[in-house]
K.L.:
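Below are the structure tokens for one structure; questions will follow.
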Amino acid sequence: MARIILYKIYVLSSDDFLLESVTPLSMASDTVWHPTSFRTHTLDQIQTDGESLVGSEVTICGFMEANRGKGKICFMDVRDGTGRVQIFLKQGAISDEELEMAQGLSRESTVQIVGEVAQKRPPKVAEGEPNPPPTYEVVASKFTVLAQAATPLPLGVTDTVSIGLDTRLDNRFLDLRRAHVNAMFTLRSKVLQYGRDHLITEGFKEINSPKIIASASEGGTNLFPMMYFDTPAFLSQSPQLYKQLTILGGMERVFEIGPAFRAENHDTYRHLNEFISFDIEGAWMNDDDVMCVQERMIHHIWSQVAEHDQDQIEIINQYRETQGDEAITVDVPSLPFPRIEYCDAIKMIQDAGEDISWGDDIDSSHCDIIAAKYPGFHFLPRWPMEMKPFYIHHIPGDVGATGEQLSRGFDLNYGRDEMTSGGQREHNVDVLEQNLRNKGLDPADFAFYTDGFRYGAPPHAGWGLGVARLLMVLTGSRNVRETVLFPRDRSRVTP
RNA sequence: GCCCGUGUGGUGUAGCGGUUAUCAUGAGGCGUUGUCGAUGCCUCGACCCGGGUUCGAUUCCCGGCACGGGCGCCA
């Protein structure tokens, strides 16, 4: 029989904020959690400031993770986005009706509790073991169900049974409540923050380029077509052109964190059809210069995570332990990253007995050979010009072992996986047009691009880095879908 | 797009030409209880879809769909 919720939500009046007991705020991680209309404290504040809060009344909110006990008492584990607290409900302190509702409430329902902070009785420990540090709980005087969760849950938030990725993605809203998944996306936010912070310290300015474009910048990748009113258009596959236009416009150094859309029929652990790219472009720089920017940025991100976010890594490791997976560690890479020029990479692969020759692409199995010697981040600079797009710069006469023209394009790999491609761009319009002709393309078709270079262009360079792939490395994820909230692949457009 | 594999309670699994279809987690009920992976007892819940072979198919075969792995493709 459906239970009818009779309780009204207890909304705090403005006077409540004036109470002395409400004022202490946790400053953990420099975040200021102001009271809201629904709660006076976060659950992390109850634990962190527990000692000073003992005896004072608080109002808290959260998801009910578990409830224990029938009859006269009930214990309830409540979780919010900051932490976890046990609620103690006992006969007499609250109404029998509230107690009964608490005992019968389904997991993951949202609740609001008014109560007094108290030190929790320590759990039983084995003989000789020291008592754990004191923790705090809330003894409820008022209990409200905000929204009841239906049963059964499509996936258990706290269950230890493993869950298939497809089930998880179909129910991402619940999957995200799992501690290690939440930690993953907390880390993603941090990675973006630290990367952004670093680029700003090097003089880069954040830009936003259009994602609806009239034509493809070049052949190669497939575009998603769309209608822009009555005009055919496409979703942008890269901010490449627009980054360059801002450099031509004298912005000196720019970066963008934005989506890229690729209509490729790939279906692998590391490919998505929509992904977030970390892109930079800088004037008066060549490929070496922007590789240095990149390794400094990655070094900064890793250092900051190692210093500030071990708690999130620990949450992920707790989960990995239940799955029999090795713990991950944040190993700050040393600088500079190894540079393995294309010519040397080909030689290394040949020495391993593979049939490959100059001018061939380096595919996944070849990357395994390189990764065996360079397991971490490593750059692969100086690709043959014929393998790189027309806009990549080359220095005439800069040739490889077989006398073929090299380019100033590079990749960044981690192990076998490509993270980045970038390079110095061609800034001389005559060379650009010759490059197009060399690739059998008609310069007239690329006037929208080349015209920007006719009025003085600084030498410049840049790269694009897949955020999700970086997250895979940081968090030990084996599938890029783990690191993207709502991934878009060949067979998934929902949710 | 190609090759290989897998589809069993809500979730994750074991298994079999005839079973009362295994285990864990979960859900429901009763009891005990300052519990904390709560606990004791009881109960509930499943063989992807279509066709074929067979006395009999969840099991074998074919097709479909879905998913997973590998590859290709990939600024």
K.L.:
Please name the nucleotide paired to B:A57 by Watson-Crick or G-U wobble geometry with both distances under 3.5 Å, or report none.
P.N.:
none
K.L.:
Considering every strand and a 4.0 Å limit on heavy-atom distances, what is the contact class for A:Gly156: base, sugar-phosphate, or nothing?
P.N.:
nothing
K.L.:
Assess, by modelled atom type and distance only, whether the side chains of A:Asp80 and A:Thr82 contain a donor and an acceptor separated by less than 3.5 Å.
P.N.:
yes
K.L.:
Measuring to OP1 and OP2 of B:C71, would you say a side-chain N or O of A:Arg416 lies under 4.0 angstrom away?
P.N.:
yes
K.L.:
Look at the side chain of A:Glu264 against the base of B:G1 and say whether a donor-acceptor pair falls under 3.5 Å; ignore hydrogens and angles.
P.N.:
no
K.L.:
With a cut-off of less than 4.0 Å, is there a side-chain N or O of A:Thr158 near OP1 or OP2 of B:G37?
P.N.:
no
K.L.:
Does the ring center of A:His460 lie less than 6.0 Å from the ring center of A:His427?
P.N.:
no
K.L.:
Closer than 4.0 angstrom, basic N to acidic O: yes or no for A:Lys388 and A:Glu426?
P.N.:
no
K.L.:
For nucleotides B:A27 and B:U11, find the distance between their C1' atoms and express it as a whole number of Å.
P.N.:
12 Å
K.L.:
Need the pair for B:A27. Rule: Watson-Crick or G-U wobble, both distances under 3.5 Å, any strand; none if unpaired.
P.N.:
B:U43
K.L.:
Starting the side chain at C-beta, find the nucleotide from B:U11, B:G34, B:G1 nearest to A:Thr167.
P.N.:
B:U11
K.L.:
Quick one: which of B:G72, B:C67, B:G34 gets closest to the side chain of A:Arg121?
P.N.:
B:G34
K.L.:
With a 4.0 Å cut-off on heavy atoms, is A:Asn265 in touch with a base, just the backbone sugar-phosphate, or nothing at all?
P.N.:
base
K.L.:
Starting at atom OH of A:Tyr136, determine the distance to atom C1' of B:G34, rounded to an integer number of angstrom.
P.N.:
17 Å
K.L.:
Is A:Lys243 salt-bridged to A:Glu256, going by a charged N under 4.0 Å from an acidic O?
P.N.:
no
K.L.:
Kindly point out which of B:G69, B:G72, B:U11 is positioned nearest to the side chain of A:Asn479?
P.N.:
B:G69
K.L.:
Rounded to whole angstrom, note down the C1' distance from B:G9 over to B:U22.
P.N.:
12 Å
K.L.:
Over all strands shown, is A:Pro122 touching base, sugar-phosphate only, or nothing at heavy-atom distances under 4.0 angstrom?
P.N.:
base
K.L.:
What interatomic distance, in whole Å, is found between C1' of B:C36 and the corresponding atom of B:G70?
P.N.:
45 Å
K.L.:
Take atom CG of A:Asn171 and atom C1' of B:G12, then tell me their distance rounded to the nearest Å.
P.N.:
14 Å
K.L.:
Once you round it to whole Å, what is the distance between P of B:G29 and CG of A:Asn67?
P.N.:
11 Å
K.L.:
Confirm from the modelled atom types if A:Arg478 and B:G69 form a donor-acceptor pair under 3.5 Å, side chain to base only.
P.N.:
no
K.L.:
Using Watson-Crick or G-U wobble geometry with both distances below 3.5 Å, tell me the partner of B:A21, or none.
P.N.:
none
K.L.:
Measure CZ/A:Phe75 against P/B:C36 and give the value in whole Å, please.
P.N.:
9 Å
K.L.:
Could you check which nucleotide pairs with B:U32 in any of the strands shown, counting Watson-Crick or G-U wobble with both distances under 3.5 Å?
P.N.:
B:A38
K.L.:
What nucleic acid atoms does A:Lys388 come within less than 4.0 Å of, heavy atoms only: base, sugar-phosphate, or nothing?
P.N.:
nothing
K.L.:
Taking a pair as Watson-Crick or G-U wobble with both distances under 3.5 Å, which nucleotide is matched to B:U13?
P.N.:
none
K.L.:
Can you identify which nucleotide, out of B:G34, B:C67, B:U11, has its nearest atom closest to the A:Ile163 side chain?
P.N.:
B:U11
K.L.:
For the C1' atoms, the ones on B:G45 and on B:A21, what distance do you get once it is rounded to whole angstrom?
P.N.:
13 Å
K.L.:
Within the structure, does a side-chain N or O atom of A:Thr160 lie under 4.0 Å from either OP1 or OP2 of B:G12?
P.N.:
no
K.L.:
Which residue, A:His271 or A:Met76, contacts RNA chain B at a nucleotide closer to its 5' end, judged by nearest heavy atom?
P.N.:
A:Met76
K.L.:
Counting any heavy atom closer than 4.0 Å, what does A:Gly71 reach on the DNA or RNA strands: base, sugar-phosphate only, or nothing?
P.N.:
base
K.L.:
Grab the CD-C1' distance between A:Gln103 and B:G29 for me, whole Å please.
P.N.:
14 Å
K.L.:
Regarding A:Leu155, tell me which of base, sugar-phosphate or nothing describes its non-hydrogen contacts under 4.0 Å with the strands shown.
P.N.:
nothing
K.L.:
Base, sugar-phosphate, or nothing for A:Arg492, non-hydrogen atoms under 4.0 angstrom?
P.N.:
nothing
K.L.:
Of all the choices, B:G12, B:G34, B:G72, which nucleotide is nearest to the side chain of A:Val161 once you look at every atom?
P.N.:
B:G12
K.L.:
Just N and O in the side chain of A:Arg68: are any of them under 4.0 Å from OP1 or OP2 of B:U35?
P.N.:
no
K.L.:
Nearest whole angstrom, please: distance from the C1' of B:G37 to the CD of A:Gln86.
P.N.:
13 Å
K.L.:
For a quick check of understanding: with a heavy-atom distance under 4.0 Å over all strands, which category does A:Glu65 fall into, base, sugar-phosphate or nothing?
P.N.:
nothing
K.L.:
Taking only Lys NZ, Arg NE, NH1 and NH2, and the carboxylate oxygens of Asp or Glu, determine whether A:Arg478 and A:Asp325 approach each other closer than 4.0 Å.
P.N.:
yes
K.L.:
Looking at B:C73, I'd like to know if its phosphate oxygens (OP1 or OP2) sit under 4.0 Å from a side-chain N or O belonging to A:Arg262.
P.N.:
no
K.L.:
What's A:Arg469 touching, base or sugar-phosphate or nothing? Going by heavy atoms closer than 4.0 Å.
P.N.:
nothing
K.L.:
So which one's nearest nucleotide on RNA chain B is more toward 5', A:Lys72 or A:Tyr269?
P.N.:
A:Lys72
K.L.:
Please measure how far the C1' atom in B:G52 lies from the corresponding atom in B:A46, and state the result in whole Å.
P.N.:
25 Å
K.L.:
Between B:G10 and B:C49, how many Å separate the two P atoms, rounded to a whole number?
P.N.:
13 Å
K.L.:
Quick one: label A:Asp363 by what it contacts on the DNA or RNA (base, sugar-phosphate, nothing), any heavy atom closer than 4.0 Å.
P.N.:
sugar-phosphate
K.L.:
Taking the same atom, P, in B:G64 and in B:G69, what whole-Å distance lies between them?
P.N.:
22 Å
K.L.:
For A:Asp360 and B:G72, what is the distance between atoms CG and P respectively, to the nearest whole Å?
P.N.:
13 Å
K.L.:
Would you indicate which nucleotide in B:G34, B:G1, B:G12 comes nearest to any side-chain atom of A:Arg490?
P.N.:
B:G1
K.L.:
Going by the angle between their ring planes, with limits at 30° and 60°, are A:Phe410 and A:Phe379 parallel, tilted or perpendicular?
P.N.:
perpendicular
K.L.:
Please name the nucleotide paired to B:G5 by Watson-Crick or G-U wobble geometry with both distances under 3.5 Å, or report none.
P.N.:
B:C67
K.L.:
Should A:Arg168 and A:Glu482 count as an ion pair when the cut-off is N to O under 4.0 Å?
P.N.:
yes
K.L.:
Looking at A:Arg107 and A:Asp77, does any basic side-chain N land under 4.0 Å from a carboxylate oxygen?
P.N.:
no
K.L.:
Once you apply the 3.5 Å cut-off to both distances, tell me the Watson-Crick or G-U wobble partner of B:G72, or none.
P.N.:
none
K.L.:
Indicate yes or no: does A:Asp363 engage A:Arg416 in a salt bridge with an N to O separation below 4.0 Å.
P.N.:
no
K.L.:
Name the closest nucleotide to the A:Ser162 side chain, picking from B:G34, B:G26, B:G12.
P.N.:
B:G12
K.L.:
Using atom C1' in both nucleotides, what's the gap between B:C65 and B:U54 to the nearest angstrom?
P.N.:
26 Å
K.L.:
To the nearest Å, how far apart are A:Met64 CE and B:C36 C1'?
P.N.:
14 Å
K.L.:
So A:Arg481 and A:Asp489, salt bridge (Lys or Arg N to Asp or Glu O under 4.0 Å) or not? Walk me through it.
P.N.:
CA-CA 9 Å; A:Arg481 292 160 182 79; A:Asp489 61 32; 2.7 Å; yes
